[in-house]
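Protein chains get the first letters and strands the later ones, always in sequence-line order, with residue 1 at the start of each.
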Amino acid sequence: MALKMVKGSIDRMFDKNLQDLVRGIRNHKEDEAKYISQCIDEIKQELKQDNIAVKANAVCKLTYLQMLGYDISWAAFNIIEVMSASKFTFKRVGYLAASQCFHEGTDVIMLTTNQIRKDLSSPSQYDTGVALTGLSCFVTPDLARDLANDIMTLMSHTKPYIRKKAVLIMYKVFLKYPESLRPAFPRLKEKLEDPDPGVQSAAVNVICELARRNPKNYLSLAPLFFKLMTSSTNNWVLIKIIKLFGALTPLEPRLGKKLIEPLTNLIHSTSAMSLLYECVNTVIAVLISLSSGMPNHSASIQLCVQKLRILIEDSDQNLKYLGLLAMSKILKTHPKSVQSHKDLILQCLDDKDESIRLRALDLLYGMVSKKNLMEIVKKLMTHVDKAEGTTYRDELLTKIIDICSQSNYQHITNFEWYISILVELTRLEGTRHGHLIAAQMLDVAIRVKAIRKFAVSQMSALLDSAHLVASSTQRNGICEVLYAAAWICGEFSEHLQGPQQTLEAMLRPKVTTLPGHIQAVYVQNVVKLYASILQQKEQAADTEAAQEVTQLLVERLPQFVQSADLEVQERASCILQLVKHVQKLQAKGVPVAEEVSALFAGELNPVAPKAQKKVPVPEGLDLDAWINEPPSDSESEDEKPKAIFHEEEPRHTRRRQPEEDEEELARRREARKQEQANNPFYIKSSPSPQKRYQDTPGVEHIPVVQIDLSVPLKVPGMPMSDQYVKLEEQRRHRQRMEKDKKRKKKEKGKRRHSSLPTESDEDIAPAQRVDIVTEEMPENALPSDEDDKDPNDPYRALDIDLDKPLADSEKLPVQKHRNAEAVKSPEKESVPTVEKKSKKPKKKEKKPKEREREKKKDKKGEDLDFWLSTTPPPAAVPVPAPSTEELAVSTVTLAKDESEGLRREELEDEDNTDHDQERKSSRHKKKKHRKEKEERPRDKKKAKRKQAAPLENGAAEEEEPIPPMSSYCLLAENSYIKVTYDIQASLQKDSQVTVSVILENQSNSFLKNMELNVLDSLNTKMARPEGSSVHDGVPVPFQLPPGVSNEAQFVFTIQSIVMAQKLKGTLSFIAKDDEGATHEKLDFRLHFSCSSYLITTPCYSDAFAKLLESGDLSMNSIKVDGISMSFQNLLAKICFHHHFSVVERVDSCASMYSRSIQGHHVCLLVKKGESSVSVDGKCSDATLLSSLLEEMKTTLAQC
Amino acid sequence: MIQAILVFNNHGKPRLVRFYQRFPEEIQQQIVRETFHLVLKRDDNICNFLEGGSLIGGADYKLIYRHYATLYFVFCVDSSESELGILDLIQVFVETLDKCFENVCELDLIFHMDKVCPLLEQGSWKTEFRTCQATCVHYILQEVVMGGMVLETNMNEIVAQIEAQNRLEKSEGGLSAAPARAVSAVKNINLPEIPRNINIGDLNIKVPNLSQFV
């Protein structure tokens, strides 16, 4: 019975497939979580089974649960099991689950590499397809590196289904493993012309995505894309290409010219709105890039604007939205053509769709002028009142402020109006932008001197009614305006009409409920007010009133002293003491007003936000120089004198900065941009402080009109902005009348500078005498506004020049068997050294090849130039883009010709020299000189080559004998024996060196039982015969009769080779002569220099260049003075002692290469000056490099 | 690039959640919820674009959605995608779903407004092939969008590939056959529990092919 139940439940349990799960969840609405946790328990049971079908079913259910928000990463291993099932059904389930929950942090992901590789090469296209799809979602840098080559092969698969997937996934691979971009790019480019439209579309997709991030690298593809654009009929592809052109045109205006015609044709012909819209967008981009150069594009602009108007008027809201979006792009460069559609845009403000209203708002920003500003803002204010939802209202508020404050308040003619708008905005409930309003109030009050009186009166009213502002809305920031109000009233207290009243308002007990920073400003400005009141009273000789004010302060200030906010407390207690002191003086009848107001003497001027940054560094001041002697740190070898680092330094410091995460940085960047765009302080078009308004006749006398009482005043004493609109109209009307009368005077009236003056704008004179004080900048401020590129941008890694030919070292890693890798043969090892492709003897090959590359690059540039400079063919027949092969062939022949020509010239030249030497005729010389001159501009490299033929691999010119050199150096010496040694490394063993020791018997004794022992370090150990301990010495396998020398070899194992090492050791031996035998010891220090770990490895200049380009080598340099040796010998010396080979030598400059036994590349650039030699080094290990250079310095110092 | 594809019904219940950028599950759910609330507020006759803002990615991203009867299809894309193009793509996706599922479920409402079957309200996906329905939608999506990039826009091509894969699955017996076999297999696999309890130890009992006897 019980068994039956159990069996039944088991049956049910395992009967449950996904459908049952979904149904079950629906049937357990009230206890869903419990039901699901029960299901998860079941799933866990199922996953424990061996049956793959059960597992797949379980994983399938997990995938569903993942969608509901359950973490299923615990089943990652089971998912991999299901992925590796042989049946497609299960495999698909596994890969789907993996694509949903695997990510870079999943630790078992590395187990999938081989499985995925297997699936990629599966004979079934769907196995491959499923693997590619899955991989696209969870590819990691490791997977990308390991599988890049497999995927690249799939790009040429026979089935288009696989090809397109492989092409698409390459983008993900590039992102994770940027090194794969260059090797894979040629094939990717091929796919642009794939016969299958799906594959073609995928390739376009990938290249567009790449080009969007780093457009300049893809300019050379423009002809190809142009061809595609004129031939393709797939709208999806067309849209992508057109979008890509939009990104390319800013870099190459000529491309834009070429595009205009076909794009216009498309606009006229296409019926697809999506395509039409993108065409319009790209035409706009073209027009922006051409904005100055092209005169008669007004037709194109008109076409665009006209099409956009159709979109905006469309009943489809989507088109309306996009139309507005595109319109705002035109607005930036061609504001006039948009302004004529103001009616349409204002209409959109009333749209029921918030997205559309927001877009319309954006447009308004660019459409305002002096003439219509008040009208537009009035309209916006009514929207503010109507708006439901704080987000839209906040957006409106910021837009109003943006619109008014743009370009240094360019469109504001009446600042009283603006202040009252700001005051009205403070009545908004629940806005987050109190600080924005406050900032505007401060800015206007400070910068527009004429408005201060009015501003102060408004602000004091605001302070008076502070309870209205602060009471209900304290938590959402509108009380920030009190900050501005208090400051303005305090700072410009001379304009206050009832200072005493304001003072009392600021000292109300209610104030203590405000946020701390506002209270602090209150306290500070109370004193300013107090100072000015004192002054007034004392001037009026009203000592009693003065004492009363003091008394008021003494009574009220203690409430601030008790504040919990430190700032408030500190200021209040300071000021309280000060006031008490003043009180004492007042009691004695001493006049104090002067002294108190002296506290606040002087005017505060606005300072430009970047002023500090722009202060130029005075000449002769080196900010990086040490003030004191740098602490000498003899122990650490990599600590170098400062000067050596000069090029590296910025990178180091950047690295040291705390790593910010990507998003945070992006967000900040965005915020900063936004801020710069909105803040008038940033617009520094003309920093001359002489920008001020001149008198305009008649303007000062603004007629006082009756307040329209139908508009109720919400706050007593505050004028409504609406009045100003009326006032303004009247004023303008009067102005016009007066202007008619005083035509001549108008000549004198200078207007304020404006960047976009329209005829009608100019006629409107500002109502106040406005004096915009510009912010202060330091003298001779640096004008540059460099915006550093973010080093953490993931797309920056893909900023790779794609036109350069591939180097061998850039091949994608191919899967190899471990065993094969373990055995390293020196020939196989040579990554950058031997170009296997080269068939010709190297000497001939090398030079032309390099030049060919250069030529090719030039050629490509020229090619694009040519394509761009030709006028577009009629009927848009594309110019066939020359294929790369053709190009390569032509350049090869070119290079050959040239090198032949060159050789001939050289011969000729030699002849000439002979002649010269024979005849010494000056005429001839002159001729030759001229000839050289002619040559130089043609090919500078050629000339250079003639001056100094490159020297290869240390092959010596026969100009100077090289002094004899020995690599053996003295180890130790005493009366019996002299020991010299040399260290040899070999490529076969990456952690072993052989020390050859020459022992020379200098005595008359017979030396025997010699034993060498060394005190091992952690890093370096002597290889001893098996069975002996580390303290045992290694016997020297010979004896030395008097006067004889012999060589013994000892093997040492080394772990790290990046630093030089010294090992202490002893040579013990028995010296036997006629008188008997003595036991002798000789101590020594065995010096393992870093140079001894290098192995002379030849390297070709192009491989060398590639290596340097790779950019992952660290750099260091030294300079040695006082060198008399010839450069030739110097090089020989470096080659000999430090195991370098010369890659190329030109004049007194040579590049050298070597390689360590552990595979570090070391590149040197040695330059000889008058009597100094500088060595710049690059190496894959910074420590190794600095150690090497240190050693080289010692060598060179002896030259 | 497409950053995310979300499908949920009028009650905000997710029907398909596909992120092309890693977010932890709870964030994913939060995004689905917030997107649902954003979209729900909007009338059907206003525009289908929403500036995503803080939701995913930031200012560069847009939400582009379509509402079909009981389902919302929301794509989150960056500026490299054409807005109208994505709207078309959603249409392609939905039509493909319709073709692949033939006469089913919530999608029925869209194309056959007249016959509203009561099952729809429960939102189950019935398919002609008795496989895992929810995952099926994923498989179809995978033929349209791959790794955040548009793979295929030709509906016939998409349907052809889906059908070929379903045929392949059918020939293998499908996943739905699994539970039946599972029961038998599991019964046998459970057997070792008994010996293990009496500590026979390393009796390695594996009955891999027993299913063929049942």
Tell me, out of A:Met273, A:Lys243, A:Gln125, A:Lys172, who's got the most heavy-atom pairs with chain B below 4.5 Å.
A:Lys243
d(A:Thr89 OG1, B:Leu168 CG) to nearest 0.5 Å is 6.5 Å
Pairwise side-chain contact, B:Ser82 with A:Tyr277, heavy-atom cut-off 4.5 Å (strictly under)
no
For chain A, find which of B:Ile64, B:Asp43, B:Asp78, B:Asn154 contributes the most heavy-atom pairs closer than 4.5 angstrom.
B:Asp78
Using atom types as modelled and distance alone, determine if a side-chain donor or acceptor of B:Glu83 lies under 3.5 Å from a backbone N or O of A:Leu319.
no
Would a 4.5 Å heavy-atom cut-off, applied to side chains only, mark B:Ser80 and A:Lys240 as touching?
yes
Under 4.5 Å from any heavy atom of chain B, what part of A:Leu168 do you find: side chain, backbone, both or neither?
both
Could you give the distance from CD (B:Gln28) to CG (A:Leu68), rounded to the nearest 0.5 Å?
11.5 Å
Are B:Ser79 and A:Arg212 close enough that some pair of their side-chain heavy atoms sits under 4.5 Å apart?
yes
What residue in B:Leu151, B:Leu87, B:Thr153, B:Val32 has the most heavy-atom pairs under 4.5 Å with chain A?
B:Leu151
Tell me whether A:Lys29 at atom NZ has more than 12 heavy atoms from other residues, nucleotides or ligands lying less than 6.0 Å away.
no
Residues that B:Tyr65 engages under side chain to side chain donor-acceptor pair (under 3.5 Å), provided they are two or more places apart:
B:Arg42
With a 4.5 Å heavy-atom cut-off, do B:Gln21 and A:His103 have their side chains touching?
no
Option passing side chain to side chain contact (heavy atoms under 4.5 Å, CB included) with A:Trp236 (candidates B:Val92, B:Asp88, B:Val150)
B:Val150
Verify the distance criterion only: is there a donor paired with an acceptor across the side chains of B:Glu157 and A:Tyr161 at less than 3.5 Å?
no
Heavy-atom closest pair (A:Leu132 atom, B:Met146 atom, distance to 0.1 Å) is O-CE, 3.8 Å
Testing the basics here: between A:Leu96 and B:Gln142, what is the closest heavy-atom pair and its distance to 0.1 Å?
CD1-NE2, 3.4 Å
Less than 4.5 Å to any heavy atom of chain A: does that hold for the side chain of B:Ile27, its backbone, both, or neither?
neither
Starting at NZ of A:Lys91, measure out to CD of B:Glu169 and round the result to the nearest 0.5 Å.
13.5 Å
What part of A:Glu104 gets within 4.5 angstrom of chain B, counting heavy atoms only: side chain, backbone, both, or neither?
neither
Best-contacting candidate, A:Ser315, A:Ser136, A:Cys208, against chain B by heavy atom pairs under 4.5 angstrom:
A:Ser136
Whatever's closer than 4.5 Å to a heavy atom in chain B on A:Phe88 counts as both
Are the side chain of A:Asp353 and the backbone of B:Ile46 linked by a donor-acceptor contact shorter than 3.5 Å?
no
With the side chain counted from C-beta on, respond yes when B:Glu26 and A:Asp71 share a heavy-atom pair under 4.5 Å apart, and no when they do not.
no
Look at A:Arg92 together with B:Glu172 and state whether they make a salt bridge at an N to O cut-off of under 4.0 Å.
no
So, using side chain to side chain donor-acceptor pair (under 3.5 Å) as the criterion, who are the partners of A:Tyr70 when residues are at least two apart?
none
Pick whichever of A:Tyr126, A:Phe138, A:Tyr171 has the most heavy-atom pairs under 4.5 Å with chain B.
A:Tyr126
Can you see which heavy atom on B:Gln29 is nearest to which on A:Gln66, and at what distance?
NE2-O, 4.3 Å
Are side-chain heavy atoms of B:Met1 and A:Glu209 found at a separation under 4.5 Å?
yes
Taking the side chain as every heavy atom from C-beta outward, state whether A:Leu322 and B:Phe49 have any pair of such atoms under 4.5 Å apart.
yes
Is B:Glu81 close to chain A through its backbone or its side chain, or both, or neither, when contacts mean heavy atoms under 4.5 Å?
both
How long is the straight-line distance from OG of A:Ser274 back to CG of B:Leu89, given to the nearest 0.5 Å?
11.5 Å
Are A:Gln100 and B:Arg18 side-chain neighbours, meaning at least one heavy-atom pair lies under 4.5 Å?
yes
At what distance, to the nearest 0.5 angstrom, does CG of B:Leu84 lie from CG of A:Leu275?
10.5 Å
Turns out that what part of A:Ser99 lies under 4.5 Å from chain B's heavy atoms comes down to both
A:Asp127 side, atom CG; B:Gln165 side, atom CD - distance, nearest 0.5 Å:
9.5 Å
A:Lys164 bridged to B:Glu152 by N-O distance under 4.0 Å
yes
